[in-house]
Amino acid sequence: MSENKVVRIRARNMADDALFEFLHMEIVAHMYKEQVTREDIDKERVTCVSTLELMGFRVGQGLIERFTKDCPTFKDDLDVMKFLCKDFWSMIFKKQIDNLRTNHQGTYVLQDNKFALLTQFSSGKQYLEEAPKYLAFSCGLIRGALSNLGLESVVTAEVSLMPSCKFQVVIQKL
């Protein structure tokens with residue numbers, strides 16, 4: 001492959017990443033802008049987070065179906081989580097999760113030290129209040145992917161220093 005073609009492919013991938021990040025920011029902004037004019041702002045904030053999480057859930061279901069169509073079945077929950085942290089995350093955010101921890105009782109913590117959807121904000125604690133609304137879609141993405149792989153879960157996110165975040169996944173035993 002010629003060097004010129006490689007440069008064009010990299011530029012296109014960078015453009016795709018930027019478009020996804022800007023689209024995500026605009027969806028979040030639109031959801032919250034629509035609700036600002038309403039009287040009960042706290043109730044509507046919960047509605048916005050729920051709507052964004054549900055959008056992510058549906059996208060996660062669709063993506064994991066496409067990404068795993070040629071994969072062998074997973075042997076256990078940990079195997080699924082490893083796939084999610086390495087392959088699934090890489091296909092979406094162009095990098096693996098930086099750290100996966102578990103208590104071997106159905107709780108997993110996924111840490112991303114430079115989460116793509118938070119990197120457009122300043123590092124540090126200045127925008128910590130704004131961070132949760134930008135993580136709702138990603139929580140849904142994880143929950144939807146796990147749901148389509150047969151694992152019902154509760155996914156929450158925590159940010160203590162931008163752009164790092166932790167996703168806590170608790171697998172629901174049925």
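Since the structure is predicted, the reported quantities are computational estimates derived from the model, not experimental observations.
K69 NZ to I64 CD1: the interatomic distance, rounded to the nearest 0.5 Å, is 13.5 Å. For the atom pair CG (L135) and CD (E53), the distance works out to 12.0 Å, reported to the nearest 0.5 Å. For the atom pair CG (L110) and CD1 (I142), the distance works out to 5.5 Å, reported to the nearest 0.5 Å. Rounded to the nearest 0.5 Å, atoms NE2 (H104) and CG (L78) are 7.0 Å apart. Rounding to the nearest 0.5 Å gives a distance of 5.5 Å between CG of N148 and CD of E65. Once rounded to the nearest 0.5 Å, the distance linking CG of L118 with CG of N113 reads 12.0 Å.
Hydrophobic cluster membership is shared by I92 and I97, with clusters built from Ile, Leu, Val, Met, Phe, Trp and Tyr side chains linked at under 4.5 angstrom. Criterion: ILVMFWY side-chain heavy atoms under 4.5 Å apart, direct or through other members. Under it, L84 and L100 are part of a common hydrophobic cluster. Residues V59 and L149 share a hydrophobic cluster, clusters being chains of Ile/Leu/Val/Met/Phe/Trp/Tyr side chains in contact below 4.5 Å. F57 and F137 fall into different hydrophobic clusters, defined by Ile, Leu, Val, Met, Phe, Trp and Tyr side-chain heavy atoms under 4.5 Å apart, directly or through other members. Linking ILVMFWY side-chain heavy atoms closer than 4.5 Å, directly or via other members, places V155 and F67 in a single hydrophobic cluster.
When side chains are defined from C-beta on, V159 does not count as touching Y134, because their heavy atoms never get closer than 4.5 Å. Counting heavy atoms from C-beta on, the side chains of V80 and D76 never come closer than 4.5 Å. Residues S147 and Q61 are in side-chain contact: their nearest non-hydrogen atoms beyond the backbone lie under 4.5 Å apart. Side-chain contact check for I171 versus E152: every heavy-atom pair is 4.5 Å or farther apart. At least one side-chain heavy atom of M162 sits less than 4.5 Å from a side-chain heavy atom of L128. By the 4.5 Å heavy-atom criterion applied to side chains, Q111 and S164 are counted as neighbours. For the pair L141 and L63, the minimum side-chain heavy-atom distance is below 4.5 Å.
Pairing each heavy atom of Q168 with each of T107, the nearest pair is NE2-CG2, 3.4 Å. Taking every heavy atom of both residues into account, A136 and V49 meet most closely at CB-O, 3.8 Å.
Aromatic ring centroids of W89 and F167 lie under 6.0 Å apart. Taking the six-membered ring wherever Trp is involved, the centroid distance between the rings of F74 and F83 falls below 6.0 Å. Ring pair F93/F115: centre-to-centre distance below 6.0 Å.
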Evaluate side-chain contact (heavy atoms from CB on, under 4.5 Å) for Y108 paired with T102, printing each intermediate quantity in order. CA-CA 4 Å; Y108 299 88; T102 182; 3.3 Å; yes
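Between K173 and D77 there is a salt bridge, since a side-chain N of the basic residue sits under 4.0 Å from a carboxylate O of the acidic one.
Shown here is K95, whose NZ atom has more than 12 heavy atoms of other residues, nucleotides or ligands within 6.0 Å.
For the 3.5 Å distance criterion, the side chains of Q172 and S153 fail to qualify, holding no donor opposite an acceptor. Side chains of D98 and Q96: no donor on one and acceptor on the other come within 3.5 Å.
Listed for the S90 side chain is a donor-acceptor partner under 3.5 Å among the backbone atoms of K86.
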